[in-house]
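Throughout, a chain's letter reflects where its sequence line sits, starting with A, and its residues are numbered from 1.
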Amino acid sequence: MKALSDIRVASLLALALLVAGGFALPDWALFLMTIGLAKALVSLGIVVQMRAGLVSFGQGLFFCIGAYVAGLMANFAGLTDIFVLTGISVLACLAIGGIFGPLLANYRGIFFAMLSLSLSMILYGILSKMNSLGGTDGLNVAAPTFAGYAPEGRALSLSLYLYTSVIVVAIGAVLRTGFDSQHGLVSLAVRSNELRVEYLGASVRRTNAINYVISAMLGGIGGVITGLAIGHVDPEYAYWTTSGEFVFVAILAGYLSIPAVFVASIILELVRSFSNLYFPNTWQMVLGVFLLVIILTLPNGLGSLFHRRREGGS
Amino acid sequence: MTFLSGGAAESFGVPAWNGGKLMIDMLNKGELPAPYDQKGFGGMMIEAIEIDEAGGATKQVQEFRNLVQREKVDAVLGYVSSGDCLAVPPVAEELKAFLVLYDCGTPRVFEEGSYNYVFRTAAHAAMDNISLAKYMTSRGIKVGTFAGVNQDYAWGHDSWADFVASMGVLMPDAKATTSLFPKIFAGQYGTEISAVMREKPDLLHSSLWGGDLQAFMLQASARGIHKRMQIALAAGDHVIPQLGQKMPDGIILGARGMNGLAAHAKGGELVDLLWDRYKAEYGVFPVQAPFRMWQGLLGVKAAVEKAMKANGGKKPTAEQMAAAMKGLTWEAPSGTITMALGNGHQAIQPNAIGTTKWDEAAGEMTLVDVEYYDAECVNPPNGIKAVDWIKAGFPGAKCN
């Protein structure tokens, strides 16, 4: 029970920090944080799978589904309530993840990566061809409402940011508990030795399938928030470079710590934003060098910094 | 803000920004002829921040917010990609920021939305294909059947649809046979070329651009396709500097406005000055992209100076700039630009179509048999969607 109350304290602290940040940050940073946190949720999905030794190169699939559900519901059904949109997206991703999860759970390593990638590229292909949904140009998404409250301008940015913060902290707390649960620990065991896990009577396949479905739902939530914040969705959300970016963040963060994923995602957004401004011709190179340095200096990701310190302290 | 990297960089982003840098420099020194002889924008020096457009609409929305909220820019001029042109305007509106779209072709921007702070200083893509079809009739080119090779994305599909609709009105007897949609950035067109050669249409329409168009022209001309059928390119001028003599003679092409070679053929003080300076600076002639950049910059200059005059010489706000730009008419190297559509937010401009001819003596490509089209001849009037206007038989078109 002590662990649980630790998580509660940490979550409340994190939430307080994020909320305080929301009122202190300038507009551009608020937006950057919202996007950074939302995309971190998607990367967190990869981290969930990474704990069991799998890397999905197709998180864009659920990111895109989440964003398009928000876009289509807003455009064609007139639904703009963010709570409803998030709920529908999660259900959609749960359903689709539930179909593909058990199928992909049989594959490992590069085969899993390529199969997950191909699924997201199929969605990209379909959406690009659907001219009724705007084809490659995508479609615009109306601003969200919050249970009847329809803010504009800074109030809108702030509401969206606060909504994201609450979700992020709640998910972080739930996942932390989940990582320490039986299922979470079995995931780690799968990463070290699948054969032994099977001999001990746990199902590797089931573990992987459950992780896939969890990451699908996380991808959906990230997609909804990003789509609503940007105000535009296009098939690019499912493109492999988008998925690659999520893997980038997951590698940057490592699989040891949850807060590290959010930190890594925000760092990536910051580096990209400023390198774009100061090095308009070479910003991609700046990003590449940045990742190289992280991999060389911290092979287990940013999370290994937090983790090491925590273990030293206890 | 334009493509410095990625697929659109070579043909569009880099030449456009080269043209942009050149003009901003000339404006700051006051080197342009009247009515643009005032330094900078109304005496205020122009300070440009360049941002790469690669990376998708999501990134562009973020960059736009950063430019407005962090860098506090007064105006943003940019966007080649249609996706970006659809994604960014709602944000500009939300932030009340003055945004000028200078290049992208999709008609959806102002047909689906309505904005106060967003303007597009270039005509949308319908004009290119209407003009091409008109060129066929006015030059008496016999077209029994025609085929199309266009990229499989919104631009390619829209272009082909506009061209088919225009031909349906202007040459009702001509039959569309094959329409092929290779993937964007495919680079290999062997299959499409074989299919078209088997089909033997009289005319081959294409809205390919950039590296795709270069690859297509190299592969198609190697197989002699241009000797068997007439090729018509909706936006073909911009690959001539790269292809040089490898662009065969007798190709009918447009430049998405009276840009590049067509503008040079017509001449004028402003065009000649910019043409020579650009050529001296970068070693190639300016194609359509720098012309569209110039047209956008001069439009902003005209709007800013008009707003300053109304404002007693003080620096105008975004509201004042937007009010000044609405319905504005100004002279650009590419002819007279009028903000006629989308309630004064979408420009129409004259267009020109010509036929390529290699000038052996000068060692450069020229455009012959150039036909010029008035803006109101090839652009729909306000309030009607381009494709509906074409299908209705161009009601209200004013052609000379």
Side-chain angles (χ1 to χ4, degrees), chain A residues 25-32 34-36 38-39 63 67 75 125 128-131 133-143 152-154 156-157 223 226-227 229-237 239 241-242 245 269-270 272-285 287, chain B residues 1-6 9 13-14 17 48-72 81-96 104-106 108-109 112-113 151-158 161 181 183-184:
Chain A
L25 289 172
D27 288 337
W28 66 268
L30 207 57
F31 186 76
L32 188 144
T34 308
I35 298 290
K39 286 187 171 174
F63 184 57
N75 278 0
S128 302
K129 300 241 180 233
M130 288 184 67
N131 288 327
L133 302 185
T136 45
D137 287 346
L139 38 95
N140 286 346
V141 186
E152 276 179 28
R154 169 139 183 129
L156 175 63
S157 307
T226 311
I230 299 280
H232 183 83
V233 295
D234 57 34
E236 200 85 354
Y237 279 63
Y239 200 56
T241 49
T242 311
E245 218 172 82
E269 292 297 324
L270 280 172
R272 182 166 44 193
S273 167
F274 281 96
S275 63
N276 211 319
L277 182 66
Y278 295 115
F279 315 100
N281 289 300
T282 50
W283 60 274
Q284 291 101 330
M285 198 172 80
L287 278 187
Chain B
M1 168 99 61
T2 190
F3 277 109
L4 297 173
S5 62
V14 174
W17 186 234
I49 297 177
E50 62 177 313
I51 298 278
D52 188 359
E53 197 188 322
T58 314
K59 179 162 158 286
Q60 290 321 312
V61 169
Q62 279 171 277
E63 294 307 332
F64 182 82
R65 281 179 182 271
N66 287 340
L67 281 173
V68 174
Q69 296 182 326
R70 191 168 72 204
E71 307 306 321
K72 314 267 183 223
S81 145
S82 299
D84 298 338
C85 276
L86 290 171
V88 176
V91 187
E93 205 64 11
E94 184 200 320
L95 303 178
K96 300 192 173 24
C104 56
T106 177
R108 286 174 58 198
V109 183
E112 287 180 7
Q151 287 141 323
D152 190 10
Y153 79 121
W155 160 264
H157 284 280
D158 289 351
F181 292 99
K183 276 210 318 278
I184 184 166

(message) Less than 4.5 Å to any heavy atom of chain B: does that hold for the side chain of A:Tyr239, its backbone, both, or neither?
(response) neither
(request) Please flag which part of A:Glu152 lies under 4.5 Å from any non-hydrogen atom of chain B: side chain, backbone, both or neither. (result) neither
(message) Just verifying a value: how many Å separate A:Asp137 CG and B:Asp84 CG, rounded to the nearest 0.5 Å?
(response) 9.0 Å
(message) Using heavy-atom distances under 4.5 Å, tell me whether A:Ser273 contacts chain B through its side chain, its backbone, both, or neither.
(response) both
(request) Drop me the distance from B:Lys59's NZ to A:Arg272's CZ, to the nearest 0.5 angstrom. (result) 7.0 Å
(message) Quick check: closest heavy atoms across B:Arg65 and A:Ala229, and the distance to 0.1 Å?
(response) NH2-O, 4.1 Å
(request) With B:Arg70 as the cation and A:Phe31 as the aromatic partner, state whether NZ or CZ is under 6.0 Å from the six-membered ring centre and within 45° of the axis. (result) no
(message) For the CZ atom of A:Arg154 and the CD atom of B:Glu94, what is their distance to the nearest 0.5 Å?
(response) 12.0 Å
(request) Give, for atom OG1 of B:Thr58 and atom NZ of A:Lys39, the distance between the pair rounded to the nearest 0.5 Å. (result) 6.0 Å
(request) Would you mind checking which part of B:Lys96 comes under 4.5 Å of any heavy atom in chain A, side chain (CB onward), backbone (N, CA, C, O), both or neither? (result) neither
(request) Go through the atoms of A:Asp234 and report whether side chain, backbone, both or neither lie under 4.5 Å from a heavy atom of chain B. (result) side chain
(request) Examine whether an atom of A:Ala143 lies under 4.5 Å from a heavy atom of chain B, and if so say whether it belongs to the side chain, the backbone or both; otherwise answer neither. (result) neither
(request) State the CD-CD1 distance between B:Gln60 and A:Ile230, to the nearest 0.5 angstrom. (result) 10.0 Å
(request) Working to the nearest 0.5 Å, report the span between CZ of B:Arg108 and CG of A:Leu139. (result) 7.0 Å
(message) Give me the atom names and distance for the closest heavy-atom approach of B:Pro90 to A:Asn140.
(response) CG-ND2, 3.5 Å
(message) Which atoms of B:Glu112 are under 4.5 Å from chain A, going by heavy atoms: the side chain, the backbone, both sets, or neither?
(response) neither
(request) Run the numbers on B:Leu86 and A:His232 for side chain to side chain contact (heavy atoms under 4.5 Å, CB included), then give the verdict. (result) CA-CA 8 Å; B:Leu86 290 171; A:His232 183 83; 3.8 Å; yes
